[in-house]
Amino acid sequence: MQDLLKQKVCEAIYAHKEEIITLANSIANEPELGFKEIKTSQKITDLFEKYEIPYTRGHAITGVKARLQGKSSKRKIAILGEMDAIICHDHPLSNMETGAAHACGHNVQMAILAACAIGLKTSGVMQALDGDVIPFAVPAEEYVEIEYRNRLKEQGKLKYFGGKSELIRCGDFDDIDMAMMMHVSMQGEEKRRIDVGGTSNGFIGKMIRFKGKEAHAGSAPHEGINALNAALIALTAVNAQRETFRDEDCVRFHPIITKGGDLVNVVPAEVCMESYVRAKTVKAMMDANQKVNRALKGGAMAIGAEVEINDMPGFLPMINNLTLTTIYEKNVLELLGEDSIEHLGHSSGSTDMGDLSHIMPVIHPWFGGGTKGTVHTREFAVTDDEMAYLLPAITMVATIIDLLTNQAEQAEEILQDYQPEMTKEAYLQFMESIH
């Protein structure tokens, strides 16, 4: 029975191949940054309306949450797709005004989400499943434009700067039991393959402001307090801390200066920076952040400046559920054959899927062979439509069929054995502790 259902949904996805690819290209041609995904949100809304899939919108400002109902609603599994782009001015499809570009492949994720929704709806497979499927277009996975998001927070429009963390806070995952999503490989690869498992860093977001005193830089620098010098000494002090970061904790600190002064002939009185403090575990993340803050304060003190450090909740480390990964892996092998899977270790990057992985079972596989170029660069592009948009969707819906057939037996087994790293309440308490 399961094989027949998988075949039906596979045929349905291929029958709508051109529509799925067109959607991916349309989103790529109109990239939008996090919490600004108005056009992208409308595109996925139009698709849900076309196929008469019930949905709600406005989740964490731009999110769109649909529901495909099974013959019973015993369990609920979300398929996630991220709507936002990054800033990459030199990408050939970047927005000329904002610099936004889908150089991370989130338009691919949205096409995969659409393929899953279309395949499950038009094949009639949902009537054989003991559970609901939630196609969920989510905002703002990229933790960027921190000052803009801080203004949204001040206006009461959001509290957390990552899309999934804000959705967790708002209760939009309260009716979901587990979740899955795909991401393109970090490196462009020729061979078709899917990477499974692995972990990734979490991080704390930081806005830093050094305050000095302006003076004429040529005739009276002695009357000023140079905030830029304070920032440079602070960064040197952070670098002196690096030997105290354990290799196994995979700590990263990578600041940018967003304001370095006002005029070249005026001693800089205000210098602003943004950064993350990343690490493999929550404990290591908190320890490294304490050391970084101490160094930042030391740089200010050395010059006689002041420093304001605004720590903000970022993302938690990523944890893939082992049992769910194993079920998914079997479907990849059936579809793509032997040697199509690689088991990942640890990544020093971060994703807000890590937040969700602390409160429910999730998987976050990566696919290679469908793109070229490293993500977040001008070279990133899709090269294999089938591998980018269709095959990842088929592996996910096949896994959902395994989970939700036979009274959702396999989903029940996963949830019975699952012990979350945090309850939702504990998660929110942790997020509130960072300030």
Side-chain angles (χ1 to χ4, degrees), residues 31-38 40 60-63 82-89 91 94-104 106 138-167 169-170 202-212 214 227-228 230-232 234-235 238 252-263 266 268-278 285 289 292-293 295-297 299-300 305-315 349-352 355 376 431-432 434-435:
E32 300 169 297
L33 298 172
F35 297 119
K36 302 175 183 177
E37 308 99 334
I38 306 302
T40 307
I61 302 178
T62 55
E82 296 160 350
M83 296 187 290
D84 59 324
I86 64 162
I87 293 176
C88 186
H89 290 277
H91 193 276
S94 68
N95 182 290
M96 292 185 65
E97 294 181 1
T98 66
H102 277 290
C104 201
H106 289 183
V138 300
E141 188 272 341
E142 303 288 352
Y143 198 99
V144 298
E145 293 193 303
I146 296 177
E147 290 186 7
Y148 167 74
R149 297 184 189 188
N150 197 48
R151 289 197 299 272
L152 291 179
K153 180 179 179 181
E154 291 171 350
Q155 295 166 8
K157 295 180 179 179
L158 58 78
K159 191 165 189 178
Y160 301 141
F161 295 171
K164 296 184 192 66
S165 52
E166 182 69 1
L167 291 167
R169 182 188 74 83
C170 294
F203 73 85
I204 294 171
K206 305 182 76 65
M207 291 177 62
I208 305 153
R209 179 172 175 242
F210 290 92
K211 297 187 295 182
E214 69 280 357
L228 183 58
L232 295 175
L235 293 181
V238 173
R252 299 287 188 273
F253 176 70
H254 40 87
I256 61 170
I257 294 177
T258 58
K259 180 180 180 181
D262 294 305
L263 294 171
V266 178
E270 181 182 49
V271 170
C272 300
M273 297 165 52
E274 293 180 8
S275 191
Y276 303 164
V277 174
R278 303 190 199 241
M285 193 168 70
N289 191 59
V292 167
N293 283 350
L296 296 173
K297 293 173 185 176
E306 300 178 20
V307 62
E308 295 176 355
I309 303 170
N310 183 7
D311 285 342
M312 298 159 291
F315 300 163
S350 306
T351 170
D352 61 355
D355 294 62
H376 290 208
M431 297 290 274
E432 289 301 303
I434 299 173
H435 51 78

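Just so you know, residue 1 is the first one in the sequence shown, and it goes up from there.
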Is the shortest heavy-atom distance from the side chain of [X] to the side chain of [Y] under 4.5 Å?
{"X": "I38", "Y": "K36", "answer": "no"}
{"X": "I146", "Y": "M312", "answer": "yes"}
{"X": "L235", "Y": "M273", "answer": "yes"}
{"X": "E308", "Y": "N310", "answer": "no"}
{"X": "Y276", "Y": "R252", "answer": "no"}
{"X": "E32", "Y": "T62", "answer": "no"}
{"X": "L33", "Y": "E145", "answer": "yes"}
{"X": "E274", "Y": "K206", "answer": "no"}

salt_bridge([X], [Y]) N-O dist < 4.0 Å:
{"X": "E166", "Y": "R169", "result": "yes"}
{"X": "K259", "Y": "E270", "result": "yes"}
{"X": "K164", "Y": "E141", "result": "no"}
{"X": "R209", "Y": "E306", "result": "no"}

Using the ring centroid of each side chain, check whether Y148 and F35 are separated by less than 6.0 Å.
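So the answer is no for these two rings.
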From [atom1] ([X]) to [atom2] ([Y]), nearest 0.5 Å:
{"X": "I434", "Y": "I204", "atom1": "CD1", "atom2": "CD1", "result": "4.5 Å"}
{"X": "C104", "Y": "E82", "atom1": "SG", "atom2": "CD", "result": "8.0 Å"}
{"X": "E142", "Y": "M83", "atom1": "CD", "atom2": "CE", "result": "13.0 Å"}
{"X": "L232", "Y": "I257", "atom1": "CG", "atom2": "CD1", "result": "6.0 Å"}
{"X": "S94", "Y": "I86", "atom1": "OG", "atom2": "CD1", "result": "10.5 Å"}
{"X": "D355", "Y": "L167", "atom1": "CG", "atom2": "CG", "result": "10.5 Å"}

Hey, mind stepping through I61 and L152 against side chain to side chain contact (heavy atoms under 4.5 Å, CB included) and telling me if it holds?
CA-CA 10 Å; I61 302 178; L152 291 179; 4.1 Å; yes
Give a yes-or-no answer on whether the side chains of Y160 and E432 include a donor-acceptor pair shorter than 3.5 Å.
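There is such a pair between these side chains.
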H435 versus D311, side-chain donor and acceptor atoms under 3.5 Å:
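Not at all, the side chains of D311 and H435 share no donor-acceptor pair under 3.5 Å.
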Side chain to side chain contact (heavy atoms under 4.5 Å, CB included) between R149 and E154, intermediate numbers included
CA-CA 9 Å; R149 297 184 189 188; E154 291 171 350; over 6 Å; no
Can you check side chain to side chain contact (heavy atoms under 4.5 Å, CB included) on L228 and F210, steps first, answer last?
CA-CA 8 Å; L228 183 58; F210 290 92; over 6 Å; no
Under a 3.5 Å distance rule, please check whether N95 uses its side chain to pair with a backbone N or O of T98 as donor and acceptor.
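Yes: the side chain of N95 pairs with the backbone of T98.
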Whether T258 side chain and C272 backbone form a donor-acceptor pair below 3.5 Å:
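Side chain of T258 to backbone of C272, a donor-acceptor pair under 3.5 Å: yes, one is there.
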Please report the shortest heavy-atom distance between [X] and [Y], naming the atom on each side.
{"X": "A300", "Y": "A230", "value": "CA-CB, 4.0 Å"}
{"X": "G162", "Y": "F315", "value": "CA-CE2, 3.7 Å"}
{"X": "H376", "Y": "C88", "value": "O-SG, 4.2 Å"}
{"X": "A103", "Y": "H91", "value": "CB-CD2, 3.9 Å"}
{"X": "P139", "Y": "A60", "value": "CG-O, 3.6 Å"}
{"X": "Y143", "Y": "G314", "value": "CE1-CA, 3.8 Å"}

Residue pair H89, M96: steps toward the side chain to side chain contact (heavy atoms under 4.5 Å, CB included) verdict:
CA-CA 7 Å; H89 290 277; M96 292 185 65; over 6 Å; no
